[in-house]
Amino acid sequence: MLPDSITLERPKNRDHGDYATSIALALAKSAGLNPREVAEIIIKHLEADSFIKQSVSALDIAGPGFINITLDRASQAQVISQILEQGAKFGHGEVLKGVSVNLEFISANPTGPLHLGHTRWAAVGDALGRVLSAAGAKVSREFYINDRGNQMELFGASLRAAALGQSVPEDGYHGEYIGDIAQEIKKEHPDFLKLDESTSIGAFRDAGYALQLKDQQRVLDTFGTHFDTWFSELSLYENNFFGHCQDTLKAQGHVYEQEGAIWLRTTDFGDDKDRVMIKSDGTFAYFASDTAYYISKRERGSDICIYMLGADHHGYVNRLKAIAACAGDNPEYNIEILIGQMVKIIENGEELKLSKRAGTIITLEELVEKVGVDAARYTLIRYPTDTPMVMDVDLLRSRTNENPVYYVQYAHARICAVLRNAEELGIPYGADYVHPELLTHERERELIGALAEFPRIVAGAAELREPHRVARYIEEIAGVYHRFYADCRVLPLGEEKAGALSSARATLCKATAQVIANSLALLGVSAPERM
RNA sequence: GCGCCUGUAGCUCAGUCGGAUAGAGCACUCGCCUUCUAAGCGAGUUGUCGCAGGUUCGAUUCCUGCCAGGCGCGCCA
């Protein structure tokens, strides 16, 4: 019996070679041999292979039966040429080629500023989009605008009340920005206050909606997060699109009527209870939009619909999955839901809860004002989304290596400085100066080996939907580079003449800078040339 | 009550389909700049991987139960 796949891993301990496999241990039982014997047989066969003979310098059996593989130096260093040739494309691959992904994230109500919870997704969602694209997927980034329902009416009523100088409704919106917008609308459209109450509320609602949406778009733009589609919930009800969706679900046999309401039998697919689509008063429940929106995404050509939701919405996972199943899709493939845990922010050792602007929690814009785009994005992306996280403003503002984003950016800037100096000294570097035979230092081997991992990291991050892996990888590269820098002098000292080794090392530096820049680009974080 | 997430060093957290001696950063101690950016590097110290079972050659990782914390369970959106 052969296993489905053979795992090849990078050992933590460098003494265990460049790569290692535990295949012999896995096969030992069914082969009826002890693992080391199995390993010996495998190695004998591998050694007969001409490609292996050429590119591998050692195959060893270690421990209980691991096979440790040490690569030939020259073939290992080929990655340097590859990086220089492919440039910004290095690391990009095709594991997700041919897959069309709809990536929906943030999806805030257009009734106020984006806050901290949205910000996590603004960073992670954007990074995931970049990572998926790099892995070959066709990605459509979508922001779903919840522009329908009671919240919008309350928003309109709050604005109108503020414009009239009245106190806003109890369950309305109370942030400071409400007053600002109300004044802006009043100035632009003094006539709105002369309309009868419900028309007036509608007018304020629509004007406020337009202003808030524009504001969200502006803020996200400065944050470096861009969308392909801003999808209006209201548009799902235009041209009877919802009716069409209802027919689709009906055809699959999961729609029924009870007590004057129209239901979707989501319990057929693991939901706790069935969900109402059309309420007994004839209006649409929010869930109706969910079903139509999913169907819209699929009909517009996406194979996989990824939803990025806050932890307070995790109760929606089953019903969303059930929608896919009710539409006749495979809920294990066509729909994925990622849950982002809460983000807390502390400053001076205390949690920041109130934003004067939003009236509730701190906004994306306020966070950026405090720590800058790069630090905010990097920190938010650096952790898996299923862990709650705490952002420490003071730490993120500090320009020390307590702050991982600086550690990583500094490595890039440092390399750029070395390369500038190399150019001044007339030391050539680039694809013609790789000289693998000269890069024999342990630090050089380490660095080359780490650079070679990048494509695997990108593919893994894409397949697992975990962009934080890219951030952790850059930190490793930065660390390995700094150690190389400390031990391996690149430029000639004093009166020394520059030799081939300087060129080879400068070339390695160039390749490292490229990989760091590519990684940071996947996170939407800048790679400064000077700091 | 039911469901989801989390529990790893003093602190903040990584840990790939189950692999070898469980890792970073910070903090603490001590070294390293008359020459490439010291925002850096090196050395030292730090662990009942929440607890208890199970699966197996092997479990921080998978399964079950329990403990602790966070969140969610509307014909609201």
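The analysis underlying the following values was restricted to heavy atoms, covering all of them including side chains, and did not include hydrogens, waters or symmetry mates.
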For the side chain of [X], counting heavy atoms from C-beta on, which of [options] is nearest?
X	options	answer
A:A486	B:rC41, B:rC17, B:rU37	B:rC41
A:R489	B:rA77, B:rC36, B:rC73	B:rC36
A:V390	B:rG74, B:rC71, B:rC13	B:rC13
A:H314	B:rC71, B:rA77, B:rC41	B:rC71

Rounded [atom1] spacing from [N] to [M] in Å:
N	M	atom1	result
B:rA77	B:rG72	C1'	15 Å
B:rG18	B:rU55	C1'	11 Å
B:rC49	B:rA14	C1'	13 Å
B:rA52	B:rC11	C1'	29 Å
B:rU60	B:rG23	P	13 Å
B:rG25	B:rU64	C1'	36 Å
B:rU56	B:rU61	P	16 Å
B:rA24	B:rG42	P	10 Å

Nearest nucleotide by nearest heavy atom, which residue falls closer to the 5' end of RNA chain B, A:Q258 or A:P384?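 First, find each residue's nearest nucleotide; the 5'-ward one identifies A:P384.
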
Does A:C488 or A:R382 map to a spot on RNA chain B nearer the 5' end, using the closest nucleotide for each?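 Whichever sits nearer the 5' end wins; that is A:R382.
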
Ignoring backbone atoms, test whether A:N403 places a side-chain nitrogen or oxygen under 4.0 Å from the OP1 or OP2 oxygen of B:rC26.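 Looking at the OP1 and OP2 atoms of B:rC26, neither is under 4.0 Å from any side-chain N or O of A:N403.
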
Should the pair A:H482 and A:Y407 be assigned to parallel (<30°), tilted (30 to 60°) or perpendicular (>60°) ring geometry?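 Because their plane-to-plane angle is over 60°, the rings of A:H482 and A:Y407 count as perpendicular.
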
Parallel, tilted or perpendicular: which fits the ring planes of A:Y481 and A:F484, with parallel below 30° and perpendicular above 60°?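 Judged by the thresholds at 30° and 60°, the geometry between A:Y481 and A:F484 is tilted.
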
Stacking between B:rC36 and A:Y485, yes or no? Criterion: centroid separation under 5.5 angstrom, plane angle under 30 degrees.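 A:Y485 vs B:rC36: stacking yes.
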
Using the six-membered base ring of B:rA20, report whether A:F66 stacks on it, requiring centroids under 5.5 Å and planes under 30° apart.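 Yes, A:F66 stacks on the base of B:rA20.
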
Can you find an N or O donor on one side and an acceptor on the other, under 3.5 Å apart, linking the side chain of [X] with the base of [N]?
X	N	value
A:N68	B:rA20	yes
A:Y316	B:rC76	yes
A:Q341	B:rC71	no

Consecutive-pair stems (3 or more, Watson-Crick or G-U, under 3.5 Å) for RNA chain B: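 The stems that RNA chain B takes part in, listed by first number, are B:1-7 with B:67-73, B:10-13 with B:23-26, B:28-32 with B:40-44, B:50-54 with B:62-66.
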
Only one of A:F242, A:Y144, A:Y307 passes ring pair (Phe, Tyr, Trp, His ring centres under 6.0 Å) with A:Y293; say which it is.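 Answer after filtering A:F242, A:Y144, A:Y307: A:Y144.
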
Any side-chain heavy atom of [X] sitting closer than 4.5 Å to one from [Y]?
X	Y	result
A:L439	A:I80	yes
A:F143	A:F105	no
A:I345	A:L116	yes

From CA spacing to verdict: side-chain hydrogen bond (donor to acceptor under 3.5 Å, both in side chains), A:Y378, A:N403: CA-CA 10 Å; A:Y378 189 89; A:N403 195 344; over 6 Å; no

Please assess A:F284 against A:Y237 for the test ring pair (Phe, Tyr, Trp, His ring centres under 6.0 Å), listing each intermediate value before the final yes or no. CA-CA 10 Å; A:F284 297 105; A:Y237 298 90; 4.5 Å; yes

Any residue in residues 500-515 of chain A with a heavy atom nearer than 4.0 angstrom to RNA chain B? Just list them by number, or reply none.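 Here the set is empty: none.
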
At 4.0 Å (heavy atoms only), tell me whether A:A411 reaches a base, stays on the sugar-phosphate, or touches nothing.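 Contact class for A:A411: none.
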
If a pair satisfies salt bridge (Lys or Arg N to Asp or Glu O under 4.0 Å) and one of its residues is in residues 504-514 of chain A, list it, with sequence neighbours excluded.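 Only A:E444-A:R505 qualify under salt bridge (Lys or Arg N to Asp or Glu O under 4.0 Å).
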
